[in-house]
Number of protein chains: 2
Amino acid sequence: MVSQVRSFNRTVTERAGALNETFLSRGRPLGQARLLWEIGQNGSDIRLLRARLDLDSGYVSRLLRSLENDGLAVVERSRADGRVRTARLTARGMAERKVLDRLSDDAAAALLGPLSDRQRTRLVTAMAEVERLLTASAIQVGVADPREPSARACMRAYFAELSRRFDGGFDPDRSISADDEELSPPAGLLLLATLHGEPVGIGALRFQHDRPPDIKRMWVAAAARGLGLGRRLLADLEARAAGHGARVVRLETNRALAEAIGLYRSAGYREVPAFNEEPYAHHWFEKDLELPGSGAEVADPVGRARLPPA
Amino acid sequence: MVSQVRSFNRTVTERAGALNETFLSRGRPLGQARLLWEIGQNGSDIRLLRARLDLDSGYVSRLLRSLENDGLAVVERSRADGRVRTARLTARGMAERKVLDRLSDDAAAALLGPLSDRQRTRLVTAMAEVERLLTASAIQVGVADPREPSARACMRAYFAELSRRFDGGFDPDRSISADDEELSPPAGLLLLATLHGEPVGIGALRFQHDRPPDIKRMWVAAAARGLGLGRRLLADLEARAAGHGARVVRLETNRALAEAIGLYRSAGYREVPAFNEEPYAHHWFEKDLELPGSGAEVADPVGRARLPPA
DNA sequence: TTCATTCTCTGACTATAGTCAGACAATCAG
DNA sequence: CTGATTGTCTGACTATAGTCAGAGAATGAA
């Protein structure tokens, strides 16, 4: 598997990657071209450009100066904040950007050109699959403080979705509590999933005395669905519960959340009688955990240990 | 389709391409690292390195000097030819190369790490498909002089394969002739397919007075099979025959060449009674060509015209 | 108001990647 | 043997990409 991945990297960076660099810089240094592209049609604050391209502030400043000298962009101060400066493309800059766009299309078309219709369809399908799975693998999952802004944002999105989907809406105050304290160690924990720094999912565990831990707040952003993230969060939570000594985990859910219920069932949860008085729940589930230390359930970000020997 | 390709390029070159560059240069300039890698375990002539990496001779010389100064490689004159110099890795150089190899494995494994077993299998399968099809699209097909060395090499390989596969072998002199003259314009033409400059297939057309043109010398190198190259060569030959005014093309083949026969049938050829006395043939085929100018059959290396509007 | 912070810019650097012309030695074709 | 060619190296360049320290203006917090 690893060798297939390496071979893929070689082929693809040669074929697809090299292209990008070559034509993006039409006479112009690559850095300038990238910046020109990134400014986009509606302009952009310089600090955003810096963040997106991960470049030094002095360097960006100089690149912008050269774009200005070539008459491709103008830089002016932002009206909202006098410290911030905003770059905008001139008409010539826009035209140049269109050319790049066109060249990019041509390069992509040239890749498809020599293939038959059937091959094209297969290529595009396989590309979409690779892209989807590489995106899935780029998602990072880790313990987070429920008070930090991205966790808060997920929580808000989660509640908003519940009140949209539940019959009669959702009011967090009527639901069984799970406040920041309860979702932070040692009382519990919150897993946050991020993609390129953006929060795209959460899942929480609440430990209880003399009772199995509860799984709470399972949520995946719409943009990150179909990537197996729900299953990954669930498995990670189970592993952490097991690592904490739990033999069983439980959760409750609402009948409106059909895909979640499907996930729980397919992950080995069985429905049990109500074990609490959660007013929004229609189903209660329970799963027996494997003993930790078997290795199979332990989260392993690099994954070497889980790979077959070859 | 084009936008999917572009999206793929963006995602994948970010994820796979960037990796390569980052870890290959561990403290060392990327150029040196690439050279170190390319020298390989058994050493390599400098001129080969230059050709493979497409670098300036002075530049390579300097890079080698720095590898020598770091004690990673030695350069000595070739025993076969005093002008040529050969680079070889020292023990330290080998060790360094092993580290790069290991890091490359790790990077690939890290890509697979966060995925489930099922996702990994799907990813690797899709990667293989993308790679295969990108390789197919990297093959260039064009008219070549049958006298040029790569065409000769294909012809030799073709005859060798025939004599290996035919019952009782194959002797070109007993077969109906198709000499260099007959396969060069205006009497005929030879299509040569190359992948990264290496010849990987041929196909020829021989025009005849008052008779439909013959398709001859259809051959695809073992390394390039399964890429749809045979079908592509055949379609290209048909298009050129049609462009030449032919309404029909014909060909004959030996029963040992089962996959070729399958290709002809599926490409719309129908078996006809023997139209010549080729001693090695068991099957004779014929196909009606569409009129040229419909666009569908015209070879179009860039392919824009054949793509759907969006 | 004051002080710390944020955002951008300038000046002064460095390293990498690469090009080009010419020198020199070995080899090959005639 | 001669002259052309091939392969390598050196010297002298250039451009790109990027880093770092500090200055100065605008803003926000106390």
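Here is the naming used below: chain letters follow the sequence lines, and residue numbers restart at 1 for every chain.
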Show each protein N/O and nucleotides 28-30 of chain C N/O combination with a separation under 3.5 Å, one pair to a line.
none

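Regarding L30(B), its CG atom lies at a distance of 17 Å from the P atom of dA15(C), rounded to whole Å. R77(A) has its CZ atom 15 Å from the C1' atom of dC9(C), to the nearest Å. Counting to the nearest Å, the P atom of dT8(D) and the CG atom of L35(B) are 12 Å from each other. Remark: P of dT16(C) and CG of L67(B) are 13 Å apart, rounded to the nearest angstrom. Distance E68(B) CD to dT8(D) P: 13 Å, rounded to the nearest Å. Protein atom CZ of R65(A) is 14 Å distant from nucleotide atom C1' of dG11(C), rounded to whole Å.
Annotation: E148(B), atom CD; neighbour count of heavy atoms from other residues, nucleotides and ligands within 6.0 Å is above 12.
Under 4.0 Å is where a charged nitrogen must lie from a carboxylate oxygen, and between D106(A) and R102(A) at least one such pair does.
Within the model, atoms CG of D105(A) and CZ of R6(B) stand 5.0 Å from one another, a figure rounded to the nearest 0.5 Å. Note that OG of S57(A) is 12.0 Å distant from CG of L49(A), once rounded to the nearest 0.5 Å.
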Let me have the donor-acceptor pairs involving side chains of residues 37-46 of chain A, under 3.5 Å, with sequence neighbours excluded, atom names and distances please.
residue, atom, partner, partner atom, Å
E38(A), OE2, R52(A), NE, 2.7
S44(A), OG, R52(A), NH2, 3.3
D45(A), OD1, T86(A), OG1, 2.9

### Query
Step by step, would you call R28(B) with L100(B) a side-chain contact (heavy atoms from CB on, under 4.5 Å)?
CA-CA 12 Å; R28(B) 200 177 316 288; L100(B) 294 181; over 6 Å; no
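The nearest pair of heavy atoms linking P114(A) to S137(B) is CG-O, 3.4 Å.
Remark: I46(A), R47(A), R50(A), S57(A), G58(A), S61(A), R62(A) in residues 46-64 of chain A come within less than 4.0 Å of DNA chain C through at least one heavy atom.
Residues D56(B) and R62(B) have side chains not in contact (no heavy-atom distance under 4.5 Å, counting atoms from C-beta outward).
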